[in-house]
Amino acid sequence: MKKKLLALALALTMALSLAACGGDSSNADSTGETSTEENSGASGTAFKVGVIGPMTGGAAIYGTCVANSAQIAVDEINALGGDIQFELMVEDDVNDAETSLNAYNALMDDGMQILVGTVTTTPALNVVPQAYEDRVFTITPSASGDDVIENNDNVFQICFTDSNQGSRSAQYINEHFPDAKIAIIYKNDDQYSIGIRDNFKAEADARGMSVVYEGTFTEASQTDFNVQLAAAQSAGADLLFLPIYYTPASVILTQANAMGYAPTFFGVDGMDGILTAENFDASLAEGVYLLTPFSADAEDEMTQNFVAEYQDRFGEIPNQFGADAYDAIYTLYQAIQAAGVTADMSNEEICDALIEVMPTLAVTGLTSAGSEMTWDENGAVSKDPTAVIIENGTYVTP
């Protein structure tokens with residue numbers, strides 16, 4: 001109880017500081033377990049915020065963490081008792097584009113005013129054109145494709161773009177593994193994977209890096225990588241770049257180990273979650289590098305409070321997708337403060353006002369590495385990914 005009261009006091013202090021400073025920082029500490037619906041009644045009306053992502057299926061580790069983390073942030077804000085209250089509404093899209101659009105339509109039928117989603121890129125590309133037409137302000141925690149925001153003035157990203165991930169991965173590898181012979185394995189029916197691969201390859205070519213092999217796979221073939229791994233090994237690749245999600249990555253690590261192939265593995269933010277992948281020997285991830293904006297092992301107070309609250313509620317360690325969602329809710333909170341919109345306004349009015357203020361914000365969040373996130377008029381966030389290496393089951397900055 002003392003811990004909850006202290007957290008609530010800290011959250012209230014931070015909110016008052018935001019108001020006094022014009023909203024220059026964003027996050028508060030965890031406040032407890034009161035539900036969103038209970039809190040949303042404090043002011044009699046609340047902004048209806050939809051979340052769309054995979055709550056079931058192969059990518060559920062991302063969607064559920066987004067929904068859980070958004071709920072934590074919503075509960076913290078609602079517990080402050082101010083004029084800004086949120087009601088969170090969650091729909092499952094099983095990481096499928098058509099299902100995601102159906103989820104969006106269901107949320108609109110329920111009165112959604114603002115969308116936090118979608119969680120992954122391919123569904124987002126199906127949803128954002130409709131959100132643009134309906135003028136629904138959209139802030140996606142983790143749909144990182146550059147096309148998600150292109151020509152959509154109502155869409156802003158919390159995650160860094162695929163182009164940033166791809167080029168920064170190439171830059172890091174070039175600087176720290178200058179003589180590496182690189183193989184790339186990517187998913188050629190997934191825009192997330194394709195986008196990162198394309199930008200990585202362009203940067204690698206510009207830097208004169210040695211890419212000796214490229215292999216592809218699809219959703220239907222992501223259980224057997226023996227052909228790709230054998231080809232990479234035969235080409236002499238000593239570093240394997242994986243711009244993919246953790247599920248196929250866990251299969252690649254397992255099958256590479258079985259064949260005695262031990263290159264350096266380098267992944268991106270979709271690799272986050274591999275340590276808890278089902279039926280995977282996490283020791284095989286030892287020494288894996290990845291780019292991520294968040295480490296649950298970071299020692300700063302903001303991260304420790306968030307991780308402790310997540311563990312207390314859900315019994316798990318949150319991943320980067322969850323941290324992005326937490327930051328998305330607080331960014332939304334700060335944008336609403338700056339715009340002066342109210343929950344009784346239409347989604348069109350809210351959208352236009354939030355678009356105006358987003359490029360003026362500077363938000364310190366879980367995923368900003370102690371600095372501030374800012375946004376350009378196209379909706380892209382400015383922050384740098386950080387390379388970490390997995391050592392003894394934790395993320396360590398090399």
Side-chain angles (χ1 to χ4, degrees), residues 7 11 14 25-31 49 51 53-54 59-77 88 90 116-121 139-144 156-161 164-165 192 245-246 267-276 290-334 361 363-375 381-388 390 394-397:
M14 186 168 291
S25 62
S26 66
N27 285 300
D29 296 323
S30 296
T31 61
V49 179
V51 173
I61 191 173
Y62 305 128
T64 55
C65 196
V66 163
N68 292 343
S69 302
Q71 188 68 64
I72 290 175
V74 162
D75 288 349
E76 290 175 0
I77 292 166
L88 203 65
V90 178
V116 174
T118 66
V119 170
T120 49
T121 293
I139 186 164
T140 172
S142 47
S144 56
F156 291 79
Q157 290 169 317
I158 293 294
C159 54
F160 40 73
T161 61
N164 194 359
Q165 286 202 74
Y192 167 80
Y245 290 122
Y246 78 93
V268 289
D269 64 355
M271 189 83 83
D272 195 13
I274 194 166
L275 292 174
T276 57
L290 65 150
L291 287 189
T292 178
F294 171 76
S295 170
D297 301 307
E299 297 181 355
D300 65 280
E301 184 178 6
M302 184 183 297
T303 298
Q304 288 183 337
N305 288 337
F306 167 67
V307 172
E309 181 67 17
Y310 196 99
Q311 285 183 292
D312 186 47
R313 292 197 192 196
F314 306 110
E316 297 176 342
I317 299 292
N319 58 37
Q320 165 254 315
F321 288 73
D324 278 331
Y326 185 90
D327 284 352
I329 295 296
Y330 271 100
T331 298
L332 182 58
Y333 177 57
Q334 188 166 322
L361 301 183
V363 179
T364 301
L366 292 169
T367 64
S368 62
S371 60
E372 293 179 322
M373 295 180 285
T374 58
W375 289 263
V381 68
S382 176
K383 63 180 179 182
D384 286 329
T386 301
V388 298
I390 297 175
T394 63
Y395 292 170
V396 177
T397 302

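The model shown is predicted, which means the values in this text are computed figures rather than measured ones.
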Look only at the side chain of S368 and the backbone of T364, and say whether a donor-acceptor pair between them is shorter than 3.5 Å.
no
Tightest non-hydrogen contact, residues A70 and A325, listed as N-CB, 4.3 Å
Margin query: Would D75 and R313 count as a side chain to side chain contact (heavy atoms under 4.5 Å, CB included) here? Give the steps.
Written below: CA-CA 12 Å; D75 288 349; R313 292 197 192 196; 2.9 Å; yes
* Given side chains that start at C-beta, do those of T331 and F156 come closer than 4.5 Å, heavy atoms only? -> no
* Asked: Do the ring planes of F306 and Y326 sit parallel (below 30°), tilted (30 to 60°) or perpendicular (above 60°)?
  -> tilted
Heavy atoms of G117 and P141 approach each other most closely as N-CD, 3.9 Å
Here the pair of heavy atoms bringing P318 nearest to A296 is O-CB, 3.9 Å
- Item | Side chains of F160 and T367 in contact at under 4.5 Å (non-hydrogen atoms) | no
Shortest non-hydrogen pair, E76 vs Y330, comes out as OE1-OH, 2.5 Å
Check your understanding: How about T276 and I317: do any of their side-chain heavy atoms sit closer than 4.5 Å?
Key -> no
Interatomic distance, CD@E316 vs CD1@I61, rounded to 0.5 Å, equals 7.0 Å
| said: Regarding N164 and T161, do their side chains bring together a donor and an acceptor under 3.5 Å, going by distance alone? | reply: no
Counting only N and O atoms by type, is there a donor-acceptor contact under 3.5 Å from the side chain of D272 to the main-chain atoms of Q320?
yes
One should read off an interatomic distance between I390 CD1 and L290 CG, to the nearest 0.5 angstrom, of 5.5 Å
d(N319 CG, I274 CD1) to nearest 0.5 Å is 13.0 Å
Can a side-chain donor-acceptor contact be found between K383 and S371 if the only test is distance below 3.5 angstrom? no
Output for pair (F321 CZ, C159 SG), nearest 0.5 Å, gives 8.5 Å
**Request:** Please work out whether the ring planes of Y62 and Y246 are parallel, tilted or perpendicular, with thresholds of 30° and 60°.
**Result:** perpendicular
Pairwise side-chain contact, V381 with I158, heavy-atom cut-off 4.5 Å (strictly under) = no
When every non-hydrogen atom of S295 is compared with those of Y395, the smallest separation belongs to OG-CB, 3.5 Å
Value for CG (D300) from CG (L366), rounded to nearest 0.5 Å, stands at 7.5 Å
Taking S144's backbone N and O only, do any of them form a donor-acceptor pair with T121's side chain (distance below 3.5 Å, no angle check)?
yes
Worksheet entry | Mutual orientation of the aromatic rings belonging to F314 and Y310 [parallel < 30°, tilted 30-60°, perpendicular > 60°] | tilted
- Show the numbers, then the answer: is there a side chain to side chain contact (heavy atoms under 4.5 Å, CB included) between D327 and V363? CA-CA 8 Å; D327 284 352; V363 179; over 6 Å; no
Output for pair (F294 CZ, T386 OG1), nearest 0.5 Å, gives 12.0 Å
(message) Treating S142 as the side-chain partner and V119 as the backbone partner, does any N or O pair qualify as donor plus acceptor under 3.5 Å?
(response) yes
| query | Would a distance-only check, ignoring hydrogens and angles, find a side-chain to backbone donor-acceptor pair under 3.5 Å from Q165 to D269? | reply | yes
